[in-house]
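Every heavy atom of this structure was used, including side-chain atoms; hydrogens, water molecules and symmetry mates were not. Letters A, B, ... mirror the listed sequences (proteins, then strands); counts begin at 1.
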Number of protein chains: 2
Amino acid sequence: MKLSFTEENYLKTIFHLNHSPDENVSTNAISEVLNTKAASVTDMLKKLSDKKLVNYEKYQGVTLTKDGEKQAITVIRKHRLWEVFLVEKLNFKWDEVHEIAEELEHICSEKLINRLDEFLEFPKKDPHGDPIPDKNGVLKSQELLPVSKLKVGDKGIISGVREHSVEFLKYLEKTGLILGECLSITEIITFDSSVMVRVKNHQQMISREVAKNLLIAL
Amino acid sequence: MKLSFTEENYLKTIFHLNHSPDENVSTNAISEVLNTKAASVTDMLKKLSDKKLVNYEKYQGVTLTKDGEKQAITVIRKHRLWEVFLVEKLNFKWDEVHEIAEELEHICSEKLINRLDEFLEFPKKDPHGDPIPDKNGVLKSQELLPVSKLKVGDKGIISGVREHSVEFLKYLEKTGLILGECLSITEIITFDSSVMVRVKNHQQMISREVAKNLLIAL
DNA sequence: TAAAAAATTTAGATTAATCTAAATACAGCT
DNA sequence: AGCTGTATTTAGATTAATCTAAATTTTTTA
Ligand SMILES: [Mn+2]
Ligand SMILES: [Mn+2]
Ligand SMILES: [Mn+2]
Ligand SMILES: [Mn+2]
């Protein structure tokens, strides 16, 4: 059962929006991510439900079925492997790859993606620190905390981002807040919740907004 | 002006079908290659004509405009570069890559394709011996002759194929008729126009059908 | 050169994915 | 329990790409 480009995007979106296991994903949330209207989402949810890819009940939102989740994870695996390829092999910057991967993630061949995985030597993380599902769809995510949840004196490795916009990624790169660097909290300004951090022996201030979107492994 | 997947396939097909410069490509020829009905082709030709990508007059077939040709060549460049990538980097066989490249050729980013070209060290030919257009759209094709046009005693390098089916490519590989090998004609059987050839000091018989589709550089 | 055959176009439908506007259901609060 | 605003669904249209069947044009052939 081959899915359309659009169906794959819906499944991926539902997967990403399904934060807690007991809460369903709402029609509006999906429409916002995909830049469509809620009415269009309803139509598609019915279609995905007919195909047994989502559990859908009118007015109650959706969750993915086992099958739907498997499809979503495959798309995510492809997306992240292609991002690694673009950065590692074609020298793209980490802020340039997402858009291209949005297209590449829909290329079908399973053999292609497994060969690519091998060629890249089975990377565990994509350029943004996100984990790459293995060929069996197993995705192991590490527990990460945003800088905004840390206390003065806490220290850890910059390991991920919560926001993938080009602007944010460029900002991080410019200011040396790069994946793998060790970061410690030296001061928290109560007035605006901005945070003074130390990275590579250099002190710098980051806003609350940035602190919320920068993830640390303790 | 971004083209759809479908529009790109039409342009590519018209390019491939446009053998002599004074003859137009027919509606039926296009429909056959694309596995659609002639009526659908007519619709699309009108649309491409409105976009100034083809020169179309009712009942007279089409040719590509300069702009249309440029787009077609870009798609062909992408197709062939991806085929090289699949064979050289991911260890695919030459009969496995065409189908995947049919999908990859529609990925947009110009930067991606130029980086890929660089990564592959600017290959001049794809795995089937077809020339790869450079980034300016310049395509230089070598003069090749099918084995069926050669005479006894003629000798040359196997340099291309006229037929890209999986069956034909697998057959050539199995029988050692591989790109780059030197081939000479030792006998032509007049009865059925089959040809006895010598490759790597080994004699073998090939049918007229094969001889017509195997291309040699003298 | 006129009929017959082949190629091509038109007319009218269909399917997937989308939209707007209107109707309906739910959730939170008095 | 009833009101009210938000979320969601339904109804009806639109667009791109396709189809079938019928009409028209071009080409071939006798
Ligand atoms: Mn991404
Ligand atoms: Mn990523
Ligand atoms: Mn090919
Ligand atoms: Mn090829």
Side-chain angles (χ1 to χ4, degrees), chain A residues 1-14 17-20 22-64 68 71-72 75 102-103 105-106 108, chain B residues 1-14 17-20 22-64 68 71-72 75 102-103 105-106 108:
Chain A
M1 179 224 351
K2 195 178 151 189
L3 304 180
S4 72
F5 185 101
T6 309
E7 289 168 329
E8 286 191 343
N9 281 338
Y10 271 89
L11 294 177
K12 185 183 60 161
T13 301
I14 295 166
L17 287 172
N18 190 205
H19 300 300
S20 78
D22 52 322
E23 243 181 309
N24 290 1
V25 175
S26 75
T27 302
N28 267 358
I30 297 169
S31 77
E32 207 169 300
V33 172
L34 292 178
N35 272 300
T36 56
K37 302 293 157 155
S40 311
V41 174
T42 299
D43 283 348
M44 181 56 85
L45 293 183
K46 282 183 197 158
K47 193 170 135 196
L48 293 174
S49 181
D50 290 346
K51 295 190 176 188
K52 310 241 185 287
L53 295 164
V54 300
N55 306 114
Y56 170 63
E57 290 198 74
K58 264 194 199 180
Y59 296 102
Q60 306 306 305
V62 274
T63 56
L64 294 173
Q71 303 280 354
V75 176
E102 285 291 306
E103 293 186 53
E105 73 188 6
H106 302 290
C108 291
Chain B
M1 179 222 354
K2 194 178 153 189
L3 303 181
S4 72
F5 185 101
T6 309
E7 290 168 328
E8 286 191 342
N9 280 338
Y10 272 88
L11 294 177
K12 185 183 60 160
T13 301
I14 295 166
L17 287 171
N18 190 205
H19 300 301
S20 79
D22 52 321
E23 243 181 310
N24 290 0
V25 175
S26 76
T27 302
N28 268 358
I30 297 169
S31 78
E32 206 170 299
V33 172
L34 292 177
N35 271 300
T36 57
K37 302 293 158 154
S40 311
V41 174
T42 300
D43 281 349
M44 182 56 85
L45 293 183
K46 282 183 196 158
K47 193 171 135 196
L48 293 174
S49 180
D50 289 346
K51 294 190 176 189
K52 309 241 185 286
L53 295 164
V54 300
N55 306 113
Y56 170 63
E57 287 198 76
K58 264 196 196 178
Y59 295 103
Q60 306 306 306
V62 273
T63 55
L64 296 172
Q71 304 279 352
V75 176
E102 285 291 306
E103 291 187 53
E105 73 188 5
H106 302 290
C108 289

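For residues 4-13 of chain B, the set of pairs meeting the salt bridge (Lys or Arg N to Asp or Glu O under 4.0 Å) definition, not counting sequence neighbours, comprises B:Glu7-B:Lys47, B:Glu7-B:Lys51, B:Lys12-B:Glu102, B:Lys12-B:Glu105. Listed by first then second residue, pairs satisfying side-chain hydrogen bond (donor to acceptor under 3.5 Å, both in side chains) with a partner in residues 24-42 of chain B number zero, not counting sequence neighbours.
Not counting sequence neighbours, the partners of B:Val25 by the side chain to side chain contact (heavy atoms under 4.5 Å, CB included) test are B:Ile14, B:Leu17, B:Asn18, B:Ile30, B:Val62. Not a single salt bridge (charged side-chain N to carboxylate O under 4.0 Å, His left out) links B:Glu103 to another residue, sequence neighbours left out.
The shortest side-chain heavy-atom distance between B:Leu11 and B:Val54 falls under the 4.5 Å cut-off. Two residues are said to be in side-chain contact when any heavy atoms from C-beta on lie closer than 4.5 Å; A:Tyr10 and A:Leu34 meet this criterion. Side-chain contact between A:Asn9 and A:His106: present, with at least one pair of heavy atoms (C-beta onward) separated by less than 4.5 Å.
In this structure, CG of A:Asp43 is placed 14 Å from P of D:dG12, rounded to the nearest angstrom. In this structure, A:Leu48 places its CG atom 13 Å from P of C:dA16, rounding to the nearest Å. Following rounding to the nearest Å, A:Met44 (CE) and C:dA16 (P) show an atom-to-atom distance of 10 Å.
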N/O-N/O pairs, protein side and nucleotides 21-25 of chain C side, under 3.5 Å:
| residue | atom | partner | partner atom | Å |
| --- | --- | --- | --- | --- |
| C:dA25 | O4' | A:Tyr59 | OH | 3.3 |

Contact list (N/O, under 3.5 angstrom) for nucleotides 3-5 of chain D vs protein:
none

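Side-chain nitrogen and oxygen atoms of A:Thr6 include none within less than 4.0 Å of the OP1 or OP2 phosphate oxygen of C:dA16.
Set against C:dT9, D:dT20, D:dT8, the side chain of B:Lys37 has D:dT20 as its closest nucleotide.
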